[in-house]
Peer 1: 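The structure under discussion is supplied below as structure tokens; questions concerning it will follow.
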Amino acid sequence: CSGVKDIEHITELLGQDYDRYEVIVVLDSTLYPDEFRAITAHYRMIRVNCSSNEELPTASIRALYRSRQRSFRRLILVDKAFTEYYDDLDAATAIASYNFLLPVGHNSHLCPKAVECIAITLSEQETQSLDMLYSLSSEGVVFRRDAVIANGGFSQHIVKQIPSKRQIYTYIPLI
């Protein structure tokens, strides 16, 4: 997530009824100090070690936070100087634990059961030959992490950089 700084929005993102996903919020603590403090306090977050990532050069991360509360272990807060939306997504990609990424901006909200629908759709595919899942009904896009890295990170042209034979389309609304 880039630009998501509202606790209610983060809570909504964490409310998906699926176990194997994480919410990575990238936020600049110098631009939004009050929001950053509110998030770390609300979710009882502590700073954890963060190793540098050589895969994406724009992913320079100041600090990484995780919740001490078991119920919020899916939440990761990244403190990164804001330069642009795509650099925030690169930082999230650099620390992502899972193979598929769904970029979410400050004006985006997940549809109910979106993560579950993504998982079902991907399980029905030969995912080794899949780099992108595009929702025709909501314009939400899920990317394979390795495809993002192979293309040098996120950009406004990333959808065009992925060969059509490595894309699938769905009408399931995601965002």
Peer 1: Around atom CD of Q125, are there more than 12 heavy atoms of other residues, nucleotides or ligands at under 6.0 Å?
Peer 2: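 Yes, because the 6.0 Å sphere around CD of Q125 holds more than 12 heavy atoms from other groups.
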
Peer 1: Side chains of H106 and S2, heavy atoms from C-beta outward: is any pair under 4.5 Å?
Peer 2: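 Answer no - side chains too far apart.
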
Peer 1: Pairs under 3.5 angstrom only: tabulate donor-acceptor contacts from the side chains of residues 168-175 to other protein residues two or more places apart or in another chain.
Peer 2:
residue : atom : partner : partner atom : Å
Y169    : OH   : Q167    : OE1          : 2.6
T170    : OG1  : I172    : N            : 3.2

Peer 1: With distance as the sole test, does E22 use its side chain to make a donor-acceptor pair with the main-chain N or O of A96 at under 3.5 Å?
Peer 2: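 Absent.
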
Peer 1: Is the backbone N or O of T83 less than 3.5 Å from a side-chain atom of D87, with the two atoms forming a donor-acceptor pair by type?
Peer 2: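 No; judged by distance alone, with no hydrogens or angles, the pair does not exist.
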
Peer 1: Just wondering, do V23 and C1 contact through their side chains at under 4.5 Å, heavy atoms?
Peer 2: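 SC-SC contact between C1 and V23 confirmed.
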
Peer 1: Mind checking whether L77 and V48 sit in one hydrophobic cluster, side chains of I, L, V, M, F, W, Y counted as touching below 4.5 Å?
Peer 2: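 Looking at the clustering, V48 is in a separate group from L77.
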
Peer 1: To the nearest 0.5 Å, tell me how far C111 SG sits from Q16 CD.
Peer 2: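 If we round to the nearest 0.5 Å, C111:SG and Q16:CD are 8.5 Å apart.
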
Peer 1: Given side chains that start at C-beta, do those of V142 and M132 come closer than 4.5 Å, heavy atoms only?
Peer 2: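 Answer no - side chains too far apart.
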
Peer 1: For the residue pair Y21 and R74, confirm or rule out a side-chain donor-acceptor distance under 3.5 Å.
Peer 2: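 Side-chain D/A pair, Y21 to R74: present.
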
Peer 1: Kindly compute the distance separating CD1 (I76) from CD1 (I24), expressed to the nearest 0.5 Å.
Peer 2: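 Here the rounded value is 4.5 Å.
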
Peer 1: Identify each donor-acceptor pair in which a side-chain atom of residues 37-46 lies under 3.5 Å from a protein atom, sequence neighbours left out, and give them as a table.
Peer 2:
residue : atom : partner : partner atom : Å
R37     : NH2  : D34     : OD1          : 2.7
T40     : OG1  : F36     : O            : 3.2
T40     : OG1  : R37     : O            : 3.0
Y43     : OH   : I7      : O            : 3.3
Y43     : OH   : T11     : N            : 3.3
Y43     : OH   : T11     : OG1          : 2.6

Peer 1: Same hydrophobic cluster for I61 and L31, using side-chain heavy-atom links shorter than 4.5 Å among ILVMFWY?
Peer 2: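 No, because I61 and L31 fall into different hydrophobic clusters, even though each may have its own neighbours under 4.5 Å.
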
Peer 1: Show the nearest heavy-atom pair for residues V4 and V25, with the distance to one decimal.
Peer 2: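 Nearest heavy atoms, V4 then V25: O-CG1, 3.3 Å.
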
Peer 1: Tell me, do I118 and F100 make a side-chain contact under 4.5 Å, heavy atoms counted?
Peer 2: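 Counting from C-beta outward, I118 and F100 never come under 4.5 Å.
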
Peer 1: For the residue pair S155 and Q161, what are the closest heavy atoms and their distance?
Peer 2: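 So the two residues come closest at OG-OE1, 3.9 Å.
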
Peer 1: Quick one: pull up CG in L101 and CG in L89 and give me the separation to the nearest 0.5 Å.
Peer 2: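 Reported to 0.5 Å precision, the distance equals 9.0 Å.
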
Peer 1: Of all the heavy-atom pairs spanning H9 and G105, show the shortest one and how long it is.
Peer 2: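 Looking at all heavy atoms of both residues, the closest pair is CE1-O, 3.8 Å.
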
Peer 1: First locate atom CG of D90, then atom OH of Y85, and finally report the distance between them rounded to the nearest 0.5 Å.
Peer 2: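 Between D90 CG and Y85 OH, I get 11.0 Å after rounding to 0.5 Å.
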
Peer 1: Are L133 and T121 close enough that some pair of their side-chain heavy atoms sits under 4.5 Å apart?
Peer 2: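 L133 vs T121: side chains touch.
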
Peer 1: Is there any salt bridge (charged side-chain N to carboxylate O under 4.0 Å, His left out) pair reaching into residues 110-122, and which pairs are they, with sequence neighbours excluded?
Peer 2: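 Qualifying pairs: D17-K113, K113-E116.
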
Peer 1: Any pair with a residue in residues 146-157 that passes salt bridge (charged side-chain N to carboxylate O under 4.0 Å, His left out), sequence neighbours left out, goes on the list, sorted by first then second residue, please.
Peer 2: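 Qualifying pairs, neighbours excluded: none.
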
Peer 1: Please determine whether the number of non-hydrogen atoms from other residues, nucleotides or ligands lying under 6.0 Å from atom OH of Y32 exceeds 12.
Peer 2: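 No, OH of Y32 has 12 or fewer neighbouring heavy atoms, counting only those of other groups under 6.0 Å.
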
Peer 1: Does a side-chain heavy-atom distance below 4.5 Å link D131 with F143?
Peer 2: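 Not in contact.
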
Peer 1: Judged by atom type as modelled, is there a donor-acceptor pair below 3.5 Å linking the side chain of R66 to the main-chain atoms of L75?
Peer 2: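 No, because the side chain of R66 does not come within donor-acceptor range (under 3.5 Å) of the backbone of L75.
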
Peer 1: Looking at residues at least two apart in the chain, or sitting in another chain, which of them share a salt bridge (Lys or Arg N to Asp or Glu O under 4.0 Å) with D88?
Peer 2: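 Salt bridge (Lys or Arg N to Asp or Glu O under 4.0 Å) list for D88, sorted by chain: K80.
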
Peer 1: Taking only residues two or more places apart in sequence or in another chain, which ones pass salt bridge (Lys or Arg N to Asp or Glu O under 4.0 Å) with R62?
Peer 2: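 R62 satisfies salt bridge (Lys or Arg N to Asp or Glu O under 4.0 Å) with D28, D79 once adjacent residues are dropped.
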
Peer 1: Begin from the C-alpha positions of S135 and V141 and carry the test side chain to side chain contact (heavy atoms under 4.5 Å, CB included) through to its verdict.
Peer 2: CA-CA 6 Å; S135 171; V141 185; over 6 Å; no

Peer 1: F72, L27: one ILVMFWY side-chain cluster at the under-4.5 Å cut-off?
Peer 2: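 Result: yes, single cluster for both.
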
Peer 1: Which pair of non-hydrogen atoms, one from T30 and one from P33, has the smallest distance, and what is that distance?
Peer 2: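 Heavy atoms only, the tightest pair is O-CD, 3.7 Å.
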
Peer 1: Just do the side chain to side chain contact (heavy atoms under 4.5 Å, CB included) check on Y98 and R20 with the steps written out, would you?
Peer 2: CA-CA 8 Å; Y98 294 103; R20 298 193 58 189; 4.0 Å; yes

Peer 1: Less than 4.5 Å apart, side chain to side chain, heavy atoms only: is that true for Q156 and E84?
Peer 2: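 In short, these two side chains do not touch, never coming nearer than 4.5 Å.
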
Peer 1: Which atoms form the tightest heavy-atom contact between S123 and I120, and what is the distance?
Peer 2: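 What the structure gives for the nearest pair is OG-O, 2.7 Å.
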
Peer 1: Minimum heavy-atom separation for G152 and L56, please, with both atom names.
Peer 2: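 Closest pair (atom of G152, atom of L56, distance): C-CD2, 3.8 Å.
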
Peer 1: Group every Ile, Leu, Val, Met, Phe, Trp and Tyr by side-chain heavy-atom contacts under 4.5 Å, then state whether L102 and L14 land in the same group.
Peer 2: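 The answer is yes; both residues are in one hydrophobic cluster.
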
Peer 1: Would you indicate whether R68, at its atom CZ, is surrounded by more than 12 heavy atoms from other residues, nucleotides or ligands within a distance under 6.0 Å?
Peer 2: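 More than 12 heavy atoms, drawn from other residues, nucleotides or ligands, come within 6.0 Å of this atom.
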
